[in-house]
There are 2 protein chains.
Amino acid sequence: MLRYALLELLRRKPLTGYDIRQRFQQSVMFCWHAHLAQIYPELRRLEREALLRSKCEIQTHRPNRTIYAITRRGREALAAWQKAALIRFEMKDDLLLRVYGIDAMAAADGEALLALAARAHAERLATYEAIKEQIEARYGVLRALPNDSLLGPLLCLEWGLRYERMYRDWCAWALQRLAERGGRGGPNGSQPTLDLYGLAAPERASRARRPLHERRQQHHDAKEPGISPAKRSRKTRERC
Amino acid sequence: MLRYALLELLRRKPLTGYDIRQRFQQSVMFCWHAHLAQIYPELRRLEREALLRSKCEIQTHRPNRTIYAITRRGREALAAWQKAALIRFEMKDDLLLRVYGIDAMAAADGEALLALAARAHAERLATYEAIKEQIEARYGVLRALPNDSLLGPLLCLEWGLRYERMYRDWCAWALQRLAERGGRGGPNGSQPTLDLYGLAAPERASRARRPLHERRQQHHDAKEPGISPAKRSRKTRERC
DNA sequence: GCCTCCATGTAATGCGTTACATGATTCC
DNA sequence: GGAATCATGTAACGCATTACATGGAGGC
């Protein structure tokens, strides 16, 4: 996947590995990121596959740089990937994971967590807004784009704006929810634990969950190996 | 990181690896995901580290199952991780990456891409709304929570709702943008390429970019090794 | 007869992060 | 004098995905 991010950047302009990292870190490309230790070998791999070509620039007062440019084959590979999209929902957000278990935290810790997130996302939002203003100052209203190569980045910028705004607002909302709950919560509350499995996506959970009447089961400590083999069914594999 | 998702699920209830995958796939836990081939070894690792403990359940008409339960040490590890949050902005969204290079696509392909995403996210949103309704039907208004262990999942559900709504709306907005542009675009348009590096986050790009006046440079094809060594500076390392 | 579910795993491969190393230059 | 910038890399490790394997139970 990283390869396509590299090809996309190089499609626009030849760059060095170092340049590419700058763009990942600081430019309008908020939709991807990578470390140098990943970028350099990937660039070399792409050159071996003839999707990129490199030039060496000799510099006198700085280390020499290797500038990569996209090839015809690279453009073709990029275009082919670009069309063949399929949408996946594989969220990974570690703040959300922490919030998922907020009932195990002291109220103050939970609030601190959300307040931190709120601040961080608000700052990010401000950054994006500043970028947008910069662009509008340079190129006027976004309707009249000077160049179609800016279209994609601007759409992505708008996504970033909406995302950060959404995140910030959600943090505020969640904090309010916590406040309304008052001091009821606390670490390791002793309420009975609900089985959240019931709260599943309907289309997948619709198949009625059978009461498992034939699941006659015995419990043993896995660490205790002294289970008589006669008790085990020979019909199923015994792995545990 | 996966370890904490596992610990969080097992904090609520002992489960097998298979159960855990169900929850990743279909339950309220939209904030993380993993494949079985990753889950099983991770569970065993956590048991070796004494954060989990396993029991074996013998079944007669089905394969036996290994049920994992969290230990005191596991709870401690989870709680320690939960508090020590730091916010990162490491976005990786391959649809967005494709959209970033939308100017290289035929207009119809770009529209198809966004329309696909719009539909997918609208469906997801509908799923989440159905889950919310299910919960409200069972437990009434969300203000009066029957159990604090539901609080985290509900906050996450709300995040998911807002995220999918945002994504769907952005797709619609972007499609409109494309429509307004009319037939102007096309594959490989020949406008001059802008250097997007200038559109950087202000706080990091504020340091004025110097005009590089002392960067006197020569170009050589990296594939041609016949560069006279005399031309190279001995002051810098020669790597390329 | 084929498909999906239950339940577990191995093996191979690929992707990603962290730490470490080099060394002149230039800014504060 | 110390930190950051430019520019490249290696090594070690950890995380993640894909394909493959097993084998009975039950549904269409």
Side-chain angles (χ1 to χ4, degrees), chain A residues 1-6 15-22 24-26 32-45 54 56-68 88 90 92 94 204-205 207-210 212-215 217 222 233-240, chain B residues 1-6 15-22 24-26 32-45 54 56-68 88 90 92 94 204-210 212-215 217 222 232-240:
Chain A
M1 201 93 301
L2 171 62
R3 60 194 309 114
Y4 298 108
L6 300 179
L15 298 165
T16 70
Y18 197 84
D19 292 334
I20 288 169
R21 198 208 35 181
Q22 310 293 93
F24 278 144
Q25 280 186 342
Q26 343 179 333
W32 215 262
H33 71 98
H35 296 256
L36 278 171
Q38 213 196 334
I39 294 170
Y40 286 123
E42 188 66 35
L43 286 171
R44 270 179 270 130
R45 205 173 306 143
S54 74
C56 178
E57 187 184 298
I58 312 290
Q59 297 188 133
T60 39
H61 294 296
R62 287 157 181 284
N64 295 341
R65 53 215 313 258
T66 309
I67 299 168
Y68 288 90
R88 290 188 198 186
E90 293 176 345
K92 280 196 184 179
D94 73 299
R204 299 197 122 234
R207 202 179 295 265
R209 300 201 48 76
R210 316 198 308 99
L212 309 176
H213 45 270
E214 39 192 11
R215 206 188 249 198
Q217 60 210 18
S233 156
R234 263 172 293 122
K235 288 194 179 173
T236 50
R237 280 197 309 167
E238 299 164 21
R239 279 264 191 91
C240 75
Chain B
M1 200 93 302
L2 170 63
R3 61 196 305 116
Y4 298 108
L6 300 179
L15 298 166
T16 69
Y18 197 84
D19 293 333
I20 288 169
R21 199 208 35 180
Q22 309 294 89
F24 277 146
Q25 279 185 343
Q26 340 177 336
W32 215 264
H33 71 99
H35 297 254
L36 278 171
Q38 212 197 334
I39 294 169
Y40 286 122
E42 187 65 35
L43 286 171
R44 270 179 270 131
R45 205 173 305 141
S54 73
C56 178
E57 187 184 299
I58 313 290
Q59 297 188 132
T60 38
H61 294 295
R62 289 157 180 285
N64 295 340
R65 53 215 313 258
T66 310
I67 299 169
Y68 288 90
R88 289 190 200 184
E90 292 175 347
K92 280 195 184 181
D94 73 300
R204 298 195 124 236
S206 59
R207 201 178 295 266
R209 300 199 50 75
R210 314 199 309 101
L212 309 176
H213 46 270
E214 38 193 13
R215 205 189 249 198
Q217 62 210 19
R232 295 201 172 166
S233 155
R234 262 172 296 123
K235 289 192 178 172
T236 51
R237 278 199 310 167
E238 299 163 23
R239 278 264 190 92
C240 75

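Computed from a predicted structure; not experimentally measured. Because only heavy atoms are used, hydrogens play no part in the values below, and waters and symmetry mates are left out as well, while side chains stay in.
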Using five base pairs at each end, measure the axis-to-axis angle across the helix from C:dG1-D:dC28 to C:dC28-D:dG1 and round it to 10 degrees. 50°
It should be established whether B:Arg62 places a side-chain nitrogen or oxygen under 4.0 Å from OP1 or OP2 of nucleotide D:dA25. no
What is the separation between atom CG on B:Leu36 and atom C1' on D:dA16, rounded to the nearest whole Å? 13 Å
From NE2 of B:His61 over to C1' of C:dA7, roughly how many Å is that when rounded to an integer? 16 Å
Going by the rule salt bridge (charged side-chain N to carboxylate O under 4.0 Å, His left out), which residues pair with A:Arg21 if we only count those two or more places apart in sequence or in a different chain? none
Please tell me if the side chains of B:Gln25 and B:His33 come closer than 4.5 Å, counting only heavy atoms from C-beta onward. no
Mind checking side-chain hydrogen bond (donor to acceptor under 3.5 Å, both in side chains) for A:Gln38 and listing every partner two or more places apart, or none if nothing turns up? none
Taking N or O atoms only and anything under 3.5 Å, show me the protein contacts with nucleotides 14-17 of chain C, one pair per line.
| residue | atom | partner | partner atom | Å |
| --- | --- | --- | --- | --- |
| C:dG16 | OP1 | B:Lys92 | NZ | 3.0 |
| C:dG16 | OP2 | A:Gln38 | NE2 | 2.5 |
| C:dG16 | O5' | A:Gln38 | NE2 | 3.4 |

Note, B:Arg65 side chain near B:Asp19 side chain (heavy atom, < 4.5 Å): yes
Phosphate OP1/OP2 of C:dA7 contacted by B:Gln22 side-chain N/O (<4.0 Å): no
Using a cut-off of strictly less than 4.0 Å, decide whether A:Thr66 has a side-chain nitrogen or oxygen near OP1 or OP2 of D:dA7. no
Are any of the side-chain heavy atoms of B:Thr66 and B:Leu43 separated by less than 4.5 Å? no
Would you mind reading off the distance between B:Gln59 atom CD and C:dC5 atom P, rounded to a whole angstrom? 17 Å
Here the distance between atom P of D:dA7 and atom CG of A:Leu43, to the nearest Å, is 14 Å
In whole angstroms, the gap separating P of D:dA25 from CG of B:Asn64 amounts to 13 Å
Are side-chain heavy atoms of A:Leu36 and A:Phe24 found at a separation under 4.5 Å? no
Round to a whole Å and report the spacing from CZ of B:Arg21 to P of C:dG9. 14 Å
Results of side-chain contact (heavy atoms from CB on, under 4.5 Å) for A:Arg44 - residues two or more places apart only: A:Tyr40, A:Pro41, A:Tyr68
Are OP1 or OP2 of C:dT10 and a side-chain N or O of B:Arg44 less than 4.0 angstrom apart? yes
Among residues at least two apart in sequence or on other chains, which ones pass side-chain hydrogen bond (donor to acceptor under 3.5 Å, both in side chains) with B:Arg88? none
When the distance from CD1 of B:Ile39 to C1' of D:dT17 is rounded to whole Å, what number comes out? 13 Å
Check whether any side-chain heavy atom of A:Leu2 lies under 4.5 Å from a side-chain heavy atom of A:Trp32, and answer yes or no. yes
Using atom OH of A:Tyr40 as one end and atom P of C:dT22 as the other, report the distance to the nearest whole Å. 17 Å
